[in-house]
Colleague: 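Next up is a structure, given as structure tokens.
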Amino acid sequence: MAKNLVIVESPAKAKTIEKILGKDFEVRSCFGHIRDLEKDDMGIDIQNNFKPKYTIPEDKEKVVKELKKLAKETDEVWLATDEDREGEAISWHLCEVLGLDPEVTKRIVFHEITKPAIEKAVQQPRLLDMNLVNAQQARRILDRIVGFELSPVLWRKMSMRNSLSAGRVQSVAVRLIVEREREINTFNAVSSFRVEAFFTAKDLQGKNITFKAEGPTRFKTAEDAEKFLQQCVGAAYSVKDIQVKPGKKSPAAPFTTSTLQQEASRKLGYSVSKTMLLAQKLYESGKITYMRTDSVNLSDTALGDIQNAIVTNYGQKYHQHRKFKNKNESAQEAHEAIRPTYMENASVDDSDTKKLYELIWKRTIASQMSDAELEKTIAKIDISTNHDELTASGEVLKFDGFLKVYMEGKDDEELSDEDEDDGSLPPLAVKQALDLKEMKATERFSRPAPRYTEASLVKKLEELGIGRPSTYAPTITTVQKRGYVEKRDKEGIKRDFRIMTLKADKITKVTDTENTGAEKSKLFPTDLGMIVTDFLNQYFGSVMDYGFTAKIEGEFDEVAHGKKIWNNMLNEFYTPFHKDVENTLEKAERVKGERQLGTDAESGKPIVARMGRYGPMIQIGKAEDEEKPKFAKMKSTQSIETITLEEAMELFKLPRNLGKFEDEDVLVNIGRFGPYAAHDKKFYSLKKEMDPYTVELDEIAPLIVEKRAAKDERTIKIFEKEKIQILKGPYGPYIKQGLRNYKIPKEKIDTAADITLEEAKAIIEDVKANPPKKKAPPRKKKAE
DNA sequence: CAGTGAGCGAGCTTCCGCTTGACTT
């Protein structure tokens, strides 16, 4: 046994460090936090000054046991968890659990995993910083209180289903999406006319080329735009003035978790969870540095490495040393920026991770490369018939610099229709006469802010200081899993726009159509998300405030710096918060999310859109009416807030009876799992392209035949009377009786077709007597 | 996997942040 035990958080890190430290040191990982608050009674003794009650989660018992054993056997334990609030707390929990004295136990930190950095760290151990630990405890306890007091309020006050949740991070994430959706719904597009003139002039080779010049202003009406074109009839054009300005572009900082997620989304179309999964693979195989970081810092060794790679690949003049600063210098910088471990590897062999790795490599290289140098030319063009002038601008790249390797992508949010690339202009001289090919006034509409993508939501959350690199991806998953938010596409709608063209002194007018409002893989709030957000906003405005996290982070910092006592800080938060909880439980009405749509023309009964137990629906008539109300489930793309009376009435065309197939009626409807056809007491899901409102009988019949065939295909054997089936599943053959499945013992898997009734019964009895061990998380205490 | 939508009440759910490994009914 080695004399020293070093504990770090990540096992991949442990391996590398052990090699560096040599045989006197054994390096182990604790896999993140090893203790958490108990679930019962929130795990907090609020009366007793918020005293936390910690427990070791089941899936950490093994690690803790192992570390305890090793700690006993070694002379000295070194705590080398990350240098941030959470890392400090992990070290403290290790002290508590391993029986180490925090007054003497050595605490070390390193910012890069290199021999000199680690050896230096070992020479400069410090002690635990209890202020920092207390700041973490305050953070943990506050989050538990918010989550475990707000969620039950929702269970009581929402008339929809259960397992709703609320929390400091997730509820604000949903709020962002809800508010963006409403902005879009209430947005009024305003049109204006943009004038573009196309001229020809000779280039250096004497060839005629066409370039574009912008009109003096955007015209608010078609009349104004036409008047302008009218004034240009018979005009002569000449260059009035030329300005040449140098410009430059600089590369973006190397990747953090959030910028990596954004770029992988923009350039590779990856979801944030896919990006993180692939990054994890690259990290574990030693290809990149740690992937959960908010630091843009690069270590000195990395900087040398990058410089080498740039000089070798592109030459000295492409290198420029840069130091990037983090925006919020509150410094939870436990790690470096995300970069390749070895810059000499410009790619990896693995096909899954190849694209992501190359993106990281390019971004890292570019971040230490020279600026791109531009030359921007602006030419003003005189119109002989009026006082206005046109502007032509062109941009020429003089030196490509970092653009040789990498250009950061843009979100829709940052794009505008003026954003088209400036091309190059032909050489022009002042007073030079120009030939007008044509001039166009095109109608353009203002656009609302675009819906969030997963990645642009992460960007926004990061700007607000909400969430951490390790939680961005899980948060996005949670709000979708809870049914507050959906990721989907939206079809655009056709819109007419007008174009007026001046050509050969004649004006012509045409109307064209464009597609507008189409979205791909965007986040939409559900009705549930909107209703829950409105409720939380109404009763818990302070927690839902976009500045809430920033405010309490400031207080956590004060605790960390010893300027505030953590219990007092929590008490200041809790007293008014808990009052709001009690007040809401007592006074708030149960929320139904009802919206009146009008009255039914036939019966005169009221029509409402509202949340039912199973989701949004339309109801005609009231529950207390003599005749039962009629119900129709809304489509997943519709929303209570925006559905029209016409759209609502359309829904009552289901269920449709399509007629008889094999003497039985075929009914089409939409159920819990989407559109289906029912026939002879069996159900058949409609194919994606089938519309339940228009689908015909002859499209359904093959569906029925197909499903029967698939079932025969899966069946190996049936014992009719006992209701025992031997079936083929994705993991091989298994036995099914009633609704339960039973695993076939290994030795019989290959001869599953030969299993007799007696053998099958024996297997079932055996499995029932020795139920397979359940894995730790789904520990349901359901009585069988 | 399924066709529901009243009201009651049992029994259940839930947070954020740190880390990976499960291994199929």
Side-chain angles (χ1 to χ4, degrees), chain A residues 8-13 29-37 39 42-43 59-60 62-63 81-82 84-87 89-90 93 136 139-155 159-171 280 283-284 290 292 334 466-472 474-475 478 482 549 610-619 622-624 628-633 654-655 667-676 678 681-685 727 729-732 734-736 739-744 767 772 775-777 780-783:
Chain A
V8 297
E9 291 181 44
S10 151
K13 226 173 169 180
S29 105
C30 65
F31 297 84
H33 276 293
I34 52 155
R35 292 205 300 182
D36 193 13
L37 297 171
K39 296 251 164 157
M42 295 206 299
D59 56 332
K60 288 291 163 62
K62 212 179 127 195
V63 178
T81 52
D82 296 344
D84 58 13
R85 200 163 65 198
E86 298 296 326
I90 291 173
H93 282 297
Q136 191 277 346
R139 198 280 304 156
R140 179 67 192 94
I141 292 169
L142 184 139
D143 280 337
R144 171 56 70 81
I145 290 173
V146 171
F148 275 38
E149 291 212 3
L150 282 190
S151 300
V153 173
L154 295 180
W155 305 340
S159 59
M160 317 22 132
R161 38 170 225 176
N162 44 18
S163 82
L164 297 174
S165 68
R168 173 176 59 83
V169 172
Q170 60 167 282
S171 297
Q280 176 91 24
Y283 169 66
E284 280 171 15
Y290 197 60
R292 290 187 276 264
I466 299 172
R468 303 281 313 134
S470 67
T471 59
Y472 294 137
T475 299
T478 300
R482 296 268 173 273
T549 292
R610 70 174 179 92
M611 283 297 279
R613 264 202 294 166
Y614 309 100
M617 61 172 190
I618 307 295
Q619 178 175 341
K622 293 190 170 161
E624 54 270 27
K628 257 187 84 171
K630 281 200 274 185
F631 301 103
K633 188 185 165 70
L654 291 182
L667 290 174
V668 170
N669 203 352
I670 299 177
R672 184 146 131 66
F673 304 102
Y676 67 91
K681 298 192 185 96
K682 291 189 191 71
F683 301 96
Y684 305 88
S685 290
L727 302 170
Y731 314 113
Y734 65 97
I735 295 176
K736 184 184 179 98
L739 291 173
R740 274 193 67 175
N741 300 324
Y742 302 88
K743 193 176 165 178
I744 296 174
V767 174
K775 274 166 284 164
K780 294 232 163 118
K781 296 178 263 183
K782 222 176 188 177

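All figures in this text were calculated on a predicted structure; none of them were measured in a lab.
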Colleague: So what does A:A166 hit on the nucleic acid, given a heavy-atom distance under 4.0 Å: a base, only sugar-phosphate, or nothing?
Modeller: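 Sugar-phosphate, no base atom in range.
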Colleague: OP1 or OP2 of B:dT14 versus the side-chain N and O atoms of A:R168: is any pair under 4.0 Å?
Modeller: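 So the side-chain polar atoms of A:R168 never come under 4.0 Å of the phosphate oxygens OP1 or OP2 of B:dT14.
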Colleague: Nearest to the side chain of A:W155 - B:dT14, B:dG5, B:dC16?
Modeller: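 For A:W155, the side-chain atoms sit closest to B:dT14.
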Colleague: With sequence neighbours left out, write down each residue that passes salt bridge (Lys or Arg N to Asp or Glu O under 4.0 Å) with A:R292, or none if nothing qualifies.
Modeller: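 None.
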Colleague: Could you tell me how far apart A:E86 (CD) and B:dC15 (C1') are, to the nearest whole angstrom?
Modeller: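 Interatomic distance, CD of A:E86 to C1' of B:dC15: 13 Å.
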Colleague: For A:R482 and B:dT13, is the shortest distance between a side-chain N/O and OP1 or OP2 below 4.0 Å?
Modeller: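 False: A:R482 side-chain N/O out of range (4.0 Å or more) of B:dT13 OP1/OP2.
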Colleague: Taking 4.0 Å as the cut-off, does a side-chain nitrogen or oxygen of A:S10 come that near to OP1 or OP2 on B:dT20?
Modeller: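 For B:dT20, OP1 or OP2 has a side-chain N or O of A:S10 closer than 4.0 Å.
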Colleague: Output the rounded distance in Å from CD (A:E9) to C1' (B:dT19).
Modeller: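 Rounding to the nearest Å, CD of A:E9 and C1' of B:dT19 are 7 Å apart.
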Colleague: I want to verify a distance call: between B:dG3, B:dC16, B:dG21, whose nearest atom is closest to the A:A678 side chain?
Modeller: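 Of all the options, the side chain of A:A678 is nearest to B:dG3.
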Colleague: Picking from B:dC15, B:dC18, B:dT20, which would you name as closest to the side chain of A:Q170?
Modeller: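 Nearest to the side chain of A:Q170 among the choices is B:dC15.
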Colleague: Does A:S151 place a side-chain N or O at less than 4.0 Å from the phosphate oxygens OP1/OP2 of B:dC15?
Modeller: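 No, A:S151 has no side-chain N/O under 4.0 Å of OP1/OP2 on B:dC15.
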Colleague: Given B:dC16, is OP1 or OP2 found less than 4.0 Å from the side-chain N or O atoms of A:T471?
Modeller: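 No, because none of the side-chain N or O atoms of A:T471 sits under 4.0 Å from OP1 or OP2 of B:dC16.
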Colleague: Using every non-hydrogen atom in the two residues, find where A:G87 and A:E9 come nearest and quote the distance to one decimal.
Modeller: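 Smallest heavy-atom distance, with atoms named: CA-OE2, 3.5 Å.
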Colleague: So what does A:G87 touch, heavy atoms closer than 4.0 Å: a base, only the sugar-phosphate, or nothing?
Modeller: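 Contact class for A:G87: none.
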Colleague: Starting at atom CD1 of A:I90, determine the distance to atom C1' of B:dG17, rounded to an integer number of angstrom.
Modeller: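 Between C1' of B:dG17 and CD1 of A:I90: 8 Å.
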Colleague: Checking contacts here: which listed nucleotide (B:dC15, B:dG3, B:dT19) is nearest the side-chain heavy atoms of A:R140?
Modeller: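 Selected nucleotide (nearest to the side chain): B:dC15.
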Colleague: Provide the closest heavy-atom pair for A:K622 versus A:P629 in the form atom of the first, atom of the second, distance.
Modeller: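 So the minimum-distance heavy-atom pair works out to O-CG, 3.6 Å.
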Colleague: Mind checking if A:V169 touches a base, just sugar-phosphate, or nothing, with heavy atoms under 4.0 Å?
Modeller: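 Counting heavy atoms under 4.0 Å across all strands, the contact made by A:V169 is with sugar-phosphate only.
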Colleague: Whole angstroms only, please: what is the CD-C1' distance between A:E284 and B:dG21?
Modeller: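 In whole Å, B:dG21 C1' and A:E284 CD are 9 Å from each other.
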Colleague: What are the two closest heavy atoms between A:A166 and A:S151, and how far apart are they?
Modeller: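 What the structure gives for the nearest pair is N-OG, 3.1 Å.
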Colleague: Between B:dT19, B:dT20, B:dG17, which nucleotide gets closest to the side-chain atoms of A:Q280?
Modeller: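 Nearest to the side-chain atoms of A:Q280, counting from C-beta on, is B:dT20.
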Colleague: Checking A:R610 now: which residues fulfil side-chain hydrogen bond (donor to acceptor under 3.5 Å, both in side chains) with it, not counting sequence neighbours?
Modeller: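 A:R610 satisfies side-chain hydrogen bond (donor to acceptor under 3.5 Å, both in side chains) with A:Q619 only.
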Colleague: Rounded to whole angstroms, how far apart are CG on A:D143 and P on B:dC18?
Modeller: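 Computing the A:D143:CG to B:dC18:P distance gives 11 Å.
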Colleague: When all nucleic acid strands are considered with a 4.0 Å heavy-atom cut-off, which category describes A:Y283: base, sugar-phosphate, or nothing?
Modeller: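 Answer is sugar-phosphate: A:Y283 comes under 4.0 Å of backbone atoms only.
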Colleague: Looking at A:R139 and A:R85, what are the two nearest heavy atoms and their distance?
Modeller: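 Smallest heavy-atom distance, with atoms named: CG-NH2, 3.4 Å.
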Colleague: Return the value, rounded to whole Å, for the distance between atom CZ of A:R144 and atom P of B:dC18.
Modeller: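 Whole-Å distance recorded here is 16 Å.
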Colleague: Please pick, from B:dC18, B:dT20, B:dG5, the nucleotide with the shortest atom-to-atom distance to any side-chain atom of A:K628.
Modeller: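 The listed nucleotide nearest to A:K628's side chain is B:dG5.
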Colleague: At 4.0 Å (heavy atoms only), tell me whether A:S685 reaches a base, stays on the sugar-phosphate, or touches nothing.
Modeller: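 Base: the residue A:S685, judged by heavy atoms under 4.0 Å, touches a nucleobase.
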Colleague: Under the ring-ring contact (aromatic ring centres under 6.0 Å, His included) rule, collect the residues that match up with A:Y283, sequence neighbours excluded.
Modeller: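 Partners of A:Y283 under the ring-ring contact (aromatic ring centres under 6.0 Å, His included) test: A:Y290.
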Colleague: Using heavy atoms to find the nearest nucleotide of DNA chain B for A:I145 and A:R292 separately, return the residue whose nucleotide is more 5′.
Modeller: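 Its nearest nucleotide being more 5', the pick is A:I145.
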Colleague: Whole-Å distance between B:dC16 C1' and A:H93 NE2?
Modeller: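 Checked: the NE2 to C1' distance equals 13 Å.
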Colleague: Taking only the side-chain heavy atoms of A:K633 (C-beta and beyond), determine which of B:dG17, B:dG5, B:dC18 contains the nearest atom.
Modeller: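 The listed nucleotide nearest to A:K633's side chain is B:dG5.
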Colleague: Nearest to the side chain of A:F683, which nucleotide is it out of B:dT14, B:dT20, B:dG3?
Modeller: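 Given the options B:dT14, B:dT20, B:dG3, the side chain of A:F683 is closest to B:dG3.
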Colleague: Respond yes when some side-chain nitrogen or oxygen of A:R35 is under 4.0 Å from OP1 or OP2 of B:dT19, and no when none is.
Modeller: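 Looking at the OP1 and OP2 atoms of B:dT19, neither is under 4.0 Å from any side-chain N or O of A:R35.
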Colleague: Taking only side-chain N and O atoms of A:Y290, does any of them lie within less than 4.0 angstrom of OP1 or OP2 on B:dT19?
Modeller: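 It does, given that an N or O in the side chain of A:Y290 lies less than 4.0 Å from OP1 or OP2 of B:dT19.
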Colleague: Reading DNA chain B 5' to 3', what string of ( ), [ ], | and . shows its pairs, if Watson-Crick and G-U wobble pairs count only when both distances fall under 3.5 Å?
Modeller: .........................
Colleague: Tell me what A:G167 touches on the nucleic acid: a base, only sugar-phosphate, or nothing, going by heavy atoms under 4.0 Å.
Modeller: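 Contact class for A:G167: sugar-phosphate only.
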Colleague: Looking only at heavy atoms, which two atoms of A:H33 and A:K60 are closest? And how far apart?
Modeller: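 Shortest heavy-atom contact: O-NZ, 2.7 Å.
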Colleague: Using whole Å, report how far NE2 of A:H33 lies from P of B:dC15.
Modeller: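 Taking NE2 of A:H33 and P of B:dC15, I get 17 Å after rounding.
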Colleague: Heavy atoms under 4.0 Å, any strand shown: does A:G43 hit a base, just sugar-phosphate, or nothing?
Modeller: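 Nothing: the residue A:G43, judged by heavy atoms under 4.0 Å, touches no strand.
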Colleague: Nearest to the A:T478 side chain among B:dT14, B:dC15, B:dT20, which nucleotide is it?
Modeller: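 Out of B:dT14, B:dC15, B:dT20, the nucleotide with an atom closest to A:T478's side chain is B:dC15.
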Colleague: Holding to ring-ring contact (aromatic ring centres under 6.0 Å, His included), I want the full list of residues that pass it with A:F31, two or more places apart in sequence or in another chain.
Modeller: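 So A:F31 forms no ring-ring contact (aromatic ring centres under 6.0 Å, His included) with any residue.
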Colleague: Just checking A:L667: base, sugar-phosphate only, or nothing, at a heavy-atom cut-off of under 4.0 Å?
Modeller: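 Answer is base: heavy atoms of A:L667 come under 4.0 Å of a base.
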Colleague: Answer yes or no as to whether B:dT14 has its base stacked against A:F148, where stacking requires a ring-centre separation under 5.5 angstrom and planes under 30 degrees apart.
Modeller: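 Check passed, A:F148 stacks on base of B:dT14.
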Colleague: Output the single nucleotide from B:dG17, B:dT20, B:dG5 whose closest atom is nearest the side chain of A:R468.
Modeller: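 Between B:dG17, B:dT20, B:dG5, the one nearest the side chain of A:R468 would be B:dG17.
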Colleague: List the residues meeting side-chain hydrogen bond (donor to acceptor under 3.5 Å, both in side chains) with A:Y472, not counting sequence neighbours, and say none if there are none.
Modeller: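 With neighbours one apart ignored, the set is empty.
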Colleague: Look at all strands and tell whether A:P629 reaches a base, only sugar-phosphate, or nothing, counting heavy atoms closer than 4.0 Å.
Modeller: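 Contact class for A:P629: none.
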